[in-house]
Amino acid sequence: MIGTVAGAIILSIGIASFITNFGVREFDINDTYEAGAVIAPFTLRAPEGTIQNLTINAESFETVLRTPQGDMGESHTESAALKWVHGADQVSVLEVTNTGPGELYIFGTVYSETDWVFITYNFFVMISGLVIIGFSAGFGRRKPRGF
């Protein structure tokens with residue numbers, strides 16, 4: 001009985017995670033980076049026509065927006081409001097480098113689809129819940145030797 005309940009809980013967590021992570025999600029970004037800190041690139045996968053908005057504040061910084069249509073690099077001072085629209089390829093990568101002595105602030109809203117690795121992970125969680133339920137049902141009908 002305990003295994004069946006535990007398996008059902010694990011299965012329901014996997015299903016809930018799958019439902020909430022599927023499709024395009026909105027991410028609110030409000031990050032601060034020290035001078036010299038490595039800023040991970042923002043890799044965004046979204047449907048064609050999705051609008052991305054980010055505002056970056058720092059003394060000086062460089063941005064490179066990589067899309068299959070080409071790379072667009074710019075140097076900025078003080079502040080920059082970045083806005084771009086996804087093309088048919090559905091993937092864009094924004095790289096930001098702080099070239100000034102002070103902190104860099106990034107804030108805004110971006111939209112991205114869930115990576116397929118996480119969808120696969122959700123399926124593994126659901127399968128493990130089913131396996132636990134199956135073993136519990138098998139042990140409930142007939143107890144093997146040694147138990």
Side-chain angles (χ1 to χ4, degrees), residues 1-140:
M1 190 64 156
I2 295 172
T4 304
V5 171
I9 291 171
I10 292 171
L11 179 63
S12 62
I13 289 171
I15 291 170
S17 179
F18 175 75
I19 291 170
T20 58
N21 287 332
F22 198 72
V24 177
R25 297 177 54 200
E26 179 178 309
F27 296 94
D28 291 323
I29 297 173
N30 189 6
D31 296 332
T32 302
Y33 298 95
E34 298 294 326
V38 176
I39 303 169
F42 296 92
T43 303
L44 305 169
R45 291 172 176 77
E48 182 178 0
T50 303
I51 299 171
Q52 310 288 0
N53 290 304
L54 282 178
T55 302
I56 304 171
N57 294 325
E59 290 181 35
S60 65
F61 59 95
E62 295 178 356
T63 59
V64 177
L65 179 62
R66 300 185 189 283
T67 63
Q69 289 84 21
D71 295 351
M72 295 176 282
E74 296 182 46
S75 294
H76 305 276
T77 57
E78 298 299 323
S79 180
L82 304 176
K83 182 176 184 178
W84 71 98
V85 178
H86 275 267
D89 62 318
Q90 301 180 351
V91 176
S92 63
V93 178
L94 177 66
E95 296 176 359
V96 180
T97 306
N98 187 1
T99 57
E103 293 180 327
L104 180 129
Y105 305 97
I106 300 176
F107 57 94
T109 303
V110 294
Y111 301 89
S112 185
E113 294 177 344
T114 303
D115 196 0
W116 284 103
V117 171
F118 296 113
I119 300 295
T120 305
Y121 174 74
N122 291 332
F123 277 117
F124 282 129
V125 171
M126 289 186 275
I127 290 169
S128 67
L130 289 173
V131 168
I132 291 170
I133 291 172
F135 273 113
S136 297
F139 286 147

* Go through I56 and H76 one step at a time and tell me if the side chain to side chain contact (heavy atoms under 4.5 Å, CB included) criterion holds. => CA-CA 9 Å; I56 304 171; H76 305 276; over 6 Å; no
* Structure fact -> One should read off an interatomic distance between F118 CZ and S17 OG, to the nearest 0.5 angstrom, of 9.5 Å
* Could you tell me whether a side-chain N or O of T77 sits under 3.5 Å from a main-chain N or O of E59, the two making a donor and an acceptor? => no
* Structure fact -> One should read off an interatomic distance between F42 CZ and L54 CG, to the nearest 0.5 angstrom, of 6.0 Å
* **Gap between atom CD1 of I29 and atom CG of N53 - 0.5 Å precision** => 11.0 Å
* To do: Might you work through the side chain to side chain contact (heavy atoms under 4.5 Å, CB included) test for F107 and N57, ending with a clear yes or no?
  => CA-CA 9 Å; F107 57 94; N57 294 325; 3.3 Å; yes
* Asked: Roughly how far, to the nearest 0.5 Å, is the CD atom of E34 from the CG atom of N98?
  -> 9.5 Å
* Asked: What are the two closest non-hydrogen atoms of R25 and T20, and how far apart are they?
  -> CD-O, 3.8 Å
* Asked: What are the two closest heavy atoms between N122 and G14, and how far apart are they?
  -> CB-O, 4.1 Å
* **S136 side chain to I132 backbone, donor-acceptor under 3.5 Å** => yes
* Asked: Got more than 12 heavy atoms from elsewhere within 6.0 Å of OH, Y121?
  -> no
* Asked: Where the side chain of S128 meets the backbone of V125, is there a donor-acceptor pair that is under 3.5 Å apart?
  -> yes
* Asked: Using a distance-only test with no angle check, is there a side-chain donor-acceptor pair under 3.5 angstrom linking T67 and S92?
  -> no
* Asked: Going through the checks in order, is the side chain to side chain contact (heavy atoms under 4.5 Å, CB included) test met by Y111 and L44?
  -> CA-CA 7 Å; Y111 301 89; L44 305 169; over 6 Å; no
* Search all heavy atoms of A35 against all heavy atoms of G100 and return the closest pair with its distance. => CB-O, 4.0 Å
* To do: Drop me the distance from L94's CG to I39's CD1, to the nearest 0.5 angstrom.
  => 9.5 Å
* **Distance, nearest 0.5 Å, that separates CD of E74 from OG1 of T63** => 5.5 Å
* Asked: Do you know the tightest heavy-atom contact between T99 and F61?
  -> OG1-N, 3.4 Å
* Asked: Any idea which heavy atoms bring L104 and A58 closest together, and the distance?
  -> CD1-CB, 3.7 Å
